[in-house]
Protein chains: 2
Amino acid sequence: MKERRRLADHKSKVTLSEVARLANVSEITVSRIMRNKGPISEVTRQRVMAVVNKLGYVPNRIAGSLASARSNIIGVAIPSLSNIVFPEVLRGIHAGLKGTDFQPVVGVTDYDLDAEEALIRSLMAWKPAAMILAGSDHTGSAQQILVQSGIRIAELMDIDVEPIDIAVGLSHRSAGYDSGRHLIERGYRRFGYIGHNWRDDRRAKLRYDGLCQALSEAGLQVVAHSMVEGASSTLAGRAMTANLLANDPTVDVAVYSNDDMAIGGVFHCLSAGIAIRERLAIFGFNGLELGDALPMVLSTMRSNRFLIGKIAVEKIMENLAHRSGPCVVDTGYEIIAGETA
Amino acid sequence: MKERRRLADHKSKVTLSEVARLANVSEITVSRIMRNKGPISEVTRQRVMAVVNKLGYVPNRIAGSLASARSNIIGVAIPSLSNIVFPEVLRGIHAGLKGTDFQPVVGVTDYDLDAEEALIRSLMAWKPAAMILAGSDHTGSAQQILVQSGIRIAELMDIDVEPIDIAVGLSHRSAGYDSGRHLIERGYRRFGYIGHNWRDDRRAKLRYDGLCQALSEAGLQVVAHSMVEGASSTLAGRAMTANLLANDPTVDVAVYSNDDMAIGGVFHCLSAGIAIRERLAIFGFNGLELGDALPMVLSTMRSNRFLIGKIAVEKIMENLAHRSGPCVVDTGYEIIAGETA
DNA sequence: ACAAGCTATGATAGCGCTGTCATTTCCGCA
DNA sequence: TGCGGAAATGACAGCGCTATCATAGCTTGT
């Protein structure tokens with residue numbers, strides 16, 4: 001009997017009331033001490049903490065959240081972990097959360113809105129304190145769930161449409177536009193575009209639209225396209241660059257859907273002996289660190305992925321309780337002139 | 001009064017009992033339906049589901065977990081999100097979890113064991129169904145918490161030491177050893193090593209040790225080192241390559257702590273006009289996709305990060321309830337001959 | 001025709017914690 | 001000396017769900 005007691009004590013059953021009993025105080029006192037809430041005398045605190053440490057007591061947040069009707073969970077739904085930009089956003093989120101005791105619960109949607117809806121439902125079941133999503137495209141039901149939840153919602157990456165609550169990101173449309181202006185100013189006239197699946201990556205499409213507008217205003221247009229099915233990758237960028245030049249040898253600049261693709265372009269040129277910039281200029285999007293390390297610095301546009309995640313969290317934390325009307329934070333972008341365009 | 005009721009109904013208070021009341025069944029019946037558990041007649045199911053959909057009822061998992069003393073959370077503690085390998089492991093974890101209704105809760109330790117301990121405590125408070133960690137280095141307390149918890153514990157990346165429960169990864173020591181053998185066979189004799197912070201990345205050190213052993217068995221040694229403070233990066237790899245060659249122009253092969261660094265080496269050679277392989281051979285570790293897309297395919301060793309995450313989850317799911325004695329899964333590695341060494 | 005064994009449903013009692021509203025103790029100051 | 005009020009603690013009633021055991025109807029087989 002004695003042994004059984006000890007086993008039970010040590011494994012499954014170290015609860016608040018156990019601690020309270022051994023420390024000769026009420027449960028609520030222990031609870032207050034664990035949460036640093038309410039006035040507690042130093043003597044009691046130490047006596048209780050001694051017991052806590054001895055038993056290795058870890059408060060059960062599930063019970064706590066149920067009782068207080070609030071959790072310290074932040075739901076995060078991102079489209080993919082393969083595309084480097086999302087881990088970077090996650091990094092920003094983690095950085096913003098550091099020091100708080102909020103925990104992100106991360107799900108991946110694979111760019112599928114129905115999967116996103118299912119994920120949102122599943123995350124909502126944990127009564128998160130806030131939700132962070134990528135983009136502002138959601139199914140009707142998902143949108144409704146988000147709106148009705150009343151919690152803070154941050155929609156990241158994109159600020160081209162009105163958010164439910166908070167949007168943090170940049171205008172991809174005007175980023176594309178400014179890329180176009182920049183390249184026109186540098187004297188390029190025969191534009192090629194190398195991209196990937198627009199259905200998944202709607203923001204790439206927005207940048208393309210912006211680019212076209214800039215060209216059109218200058219009486220120009222994209223004269224050749226090479227689009228790859230599926231996701232962006234450096235290998236795809238390499239292949240599509242070869243493809244583009246084969247289709248239309250007159251292009252003097254290739255604009256890529258992102259840096260992964262553009263770096264593939266650089267590699268193709270290096271290995272095919274094509275003079276970058278003189279023969280073909282290359283312009284990307286994102287400003288990945290890698291672009292900086294290339295034999296020639298990649299010309300691109302920096303988006304601040306880390307910052308987007310971090311600021312989203314900060315905005316949420318500013319007032320966890322109430323939405324304050326749609327709020328848009330523009331994290332901007334910055335042209336990196338580089339050496340490839 | 002009527003309006004107030006409706007508001008309350010629609011926002012905060014869509015609970016099991018509410019659904020049960022409107023569907024004219026008991027709470028437990030609704031609970032069974034939501035969980036697909038126990039025998040339920042088709043008629044009842046449909047009647048209840050109609051109410052569920054009408055109210056937009058989402059079960060509260062917090063309450064559910066408390067009542068059932070089990071959660072569908074998987075705690076994940078990784079050292080970093082900056083190093084591409086961990087997002088890939090995460091991807092594997094998500095892939096393995098797909099189709100189950102488990103949710104990963106991810107925390108980042110920044111390679112700090114004390115931070116890891118704090119994180120483990122914090123994750124444990126959610127009574128996770130299992131924990132996934134990187135590496136087998138933990139503080140004493142962390143180790144104790146993990147052992148005592150009784151839940152499944154997977155320690156990833158590394159199988160060079162005995163795990164608490166499950167280990168999935170590869171022997172970095174023998175990977176390093178085999179790199180050495182491979183390069184010796186190819187005729188290289190003057191080895192340089194380019195690495196990053198060993199305190200953070202203990203596995204890189206293991207690979208180095210393995211390399212040295214292979215060299216030593218062949219009567220060789222590493223004749224020059226260039227180590228960068230801090231984390232690995234392509235830029236650092238570039239700089240350290242220049243540095244290495246300046247220090248000892250006789251080296252004919254550089255082994256890098258990982259592909260990020262090695263790719264930097266490739267870039268340095270490309271931009272300094274150094275003949276890769278003829279003048280300096282380059283060998284990495286990880287087998288990143290990017291290595292394949294380079295102008296010359298990177299010679300390296302493939303570690304299967306995605307698989308490590310996926311298999312860890314599968315092993316855990318095999319028997320969620322009980323540990324079955326230490327279990328080690330070797331996901332192996334594979335030499336990619338490539339064109340740089 | 002009736003025990004045995006289904007299937008479908010319900011009543012009850014918590015899970016481990018926190019919010020709310022007391023209650024007690026102790027201090028400073030008139 | 002006594003009183004107002006802050007500091008310290010506690011009792012109690014849930015939070016929203018699920019485990020457990022019980023109950024009612026309905027087939028079966030012999």
Side-chain angles (χ1 to χ4, degrees), chain A residues 8-9 11-49 51-52 55-73 101 124-129 321, chain B residues 8-9 11-49 51-52 55-73 101 124-129 321:
Chain A
D9 280 2
K11 293 212 82 147
S12 38
K13 291 277 123 184
V14 189
T15 66
L16 240 205
S17 68
E18 185 72 1
V19 174
R21 228 193 54 222
L22 295 187
N24 257 305
V25 291
S26 70
E27 301 186 11
I28 191 68
T29 299
V30 180
S31 170
R32 286 193 182 112
I33 291 172
M34 297 310 291
R35 290 178 294 149
N36 291 311
K37 208 188 167 189
I40 295 288
S41 74
E42 198 43 39
V43 192
T44 313
R45 157 171 281 120
Q46 284 178 6
R47 179 156 40 95
V48 170
M49 285 313 289
V51 177
V52 165
L55 297 187
Y57 168 66
V58 177
N60 182 334
R61 272 200 208 281
I62 295 180
S65 299
L66 179 60
S68 63
R70 95 174 63 102
S71 88
N72 68 342
I73 275 180
D101 67 343
M124 280 301 178
W126 285 101
K127 305 286 166 199
Chain B
D9 280 3
K11 293 213 78 147
S12 37
K13 292 279 123 185
V14 189
T15 65
L16 240 205
S17 68
E18 185 73 2
V19 174
R21 229 192 53 223
L22 294 186
N24 256 306
V25 290
S26 69
E27 301 186 13
I28 191 67
T29 300
V30 181
S31 169
R32 287 193 182 112
I33 291 173
M34 296 310 290
R35 289 178 294 149
N36 292 311
K37 208 188 168 187
I40 295 288
S41 75
E42 197 45 41
V43 194
T44 314
R45 158 171 279 119
Q46 284 177 7
R47 180 157 39 95
V48 171
M49 285 313 289
V51 178
V52 165
L55 297 188
Y57 168 66
V58 176
N60 182 334
R61 271 197 209 281
I62 294 180
S65 299
L66 179 59
S68 64
R70 98 175 60 104
S71 88
N72 67 344
I73 275 181
D101 68 342
M124 280 300 178
W126 285 102
K127 305 288 165 197

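These numbers come from the heavy atoms of this one structure, side chains and all, not from hydrogens, waters or symmetry mates.
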Give me, pair by pair, the N or O atoms of the protein and of nucleotides 25-27 of chain C that are less than 3.5 Å apart, along with how far apart they are.
none

[X]: partners by side chain to side chain contact (heavy atoms under 4.5 Å, CB included), with sequence neighbours left out:
X	answer
Ala125(B)	Val58(A), Arg61(A)
Ser41(A)	Val43(A), Thr44(A)
Ala67(A)	none

Atom-pair distance ([atom1] on [X]; [atom2] on [N]), nearest Å:
X	N	atom1	atom2	result
Leu16(B)	dA11(C)	CG	C1'	15 Å
Arg32(B)	dT18(D)	CZ	P	11 Å
Trp126(A)	dG16(D)	CH2	P	16 Å

- Item | Test item: Ser71(A) side-chain N/O and Lys127(A) main-chain N/O as donor-acceptor pair under 3.5 Å |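 Side chain of Ser71(A) to backbone of Lys127(A): a pair is present.
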Could you grab the distance from atom [atom1] of [X] to atom [atom2] of [Y], nearest 0.5 Å is fine?
X	Y	atom1	atom2	value
Leu22(A)	Ser17(A)	CG	OG	9.5 Å
Ile73(B)	Ile62(A)	CD1	CD1	6.5 Å
Ile40(B)	Gln46(B)	CD1	CD	12.5 Å

Minimum heavy-atom separation for [X] to [Y], with atom names?
X	Y	result
Met34(B)	Val52(B)	SD-CG2, 4.0 Å
Tyr57(A)	Thr15(A)	CE1-C, 3.7 Å
Ala63(A)	Leu66(B)	CB-CD1, 3.7 Å
Asn72(A)	Asp101(A)	ND2-O, 2.5 Å

- Message: Would Glu42(A) and Arg45(A) count as a side-chain contact (heavy atoms from CB on, under 4.5 Å) here? Give the steps.
- Response: CA-CA 5 Å; Glu42(A) 198 43 39; Arg45(A) 157 171 281 120; 3.9 Å; yes
- Residues in contact with DNA chain D, drawn from residues 22-31 of chain A - heavy-atom cutoff 4.0 Å: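 Correct list: Val25(A), Ser26(A), Ile28(A), Thr29(A).
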- Query: Which residues within residues 58-72 of chain A lie with some heavy atom under 4.0 Å of an atom in DNA chain D?
  - Reply: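 Close to the strand are Leu66(A), Ala67(A).
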- Task: With a 4.0 Å heavy-atom cut-off, tell me which residues in residues 34-48 of chain A come close to DNA chain C, sorted by residue number.
- Result: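 Residues of residues 34-48 of chain A that come under 4.0 Å of DNA chain C are, in numerical order, Arg35(A), Lys37(A).
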- Message: How bent is the helix from dA1(C)-dT30(D) to dA30(C)-dT1(D), measuring the angle between the end axes built from five pairs each, rounded to 10°?
- Response: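 It comes to 30° between the two terminal axes.
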- OP1, OP2 of dG16(C) versus side-chain N and O of Tyr57(A): anything below 4.0 Å?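 For Tyr57(A), the contact criterion (side-chain N or O under 4.0 Å from OP1 or OP2 of dG16(C)) is not met.
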- Item | Within residues 26-39 of chain A or reaching into it, pairs that qualify as side chain to side chain donor-acceptor pair (under 3.5 Å) - sequence neighbours excluded |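 Listed once each, the pairs are Ser26(A)-Thr29(A), Ser31(A)-Arg35(A).
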- Task: Report, as yes or no, whether the 6.0 Å neighbourhood of atom CZ on Arg70(A) holds more than 12 heavy atoms from other residues, nucleotides or ligands.
- Result: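 Atom CZ in Arg70(A) is not crowded, with 12 or fewer foreign heavy atoms closer than 6.0 Å.
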- Flag the pair Arg21(A) / Glu18(A) as yes when at least one side-chain heavy-atom distance between them is below 4.5 Å, and no otherwise.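 A side-chain contact exists here, since the closest heavy-atom pair is under 4.5 Å.
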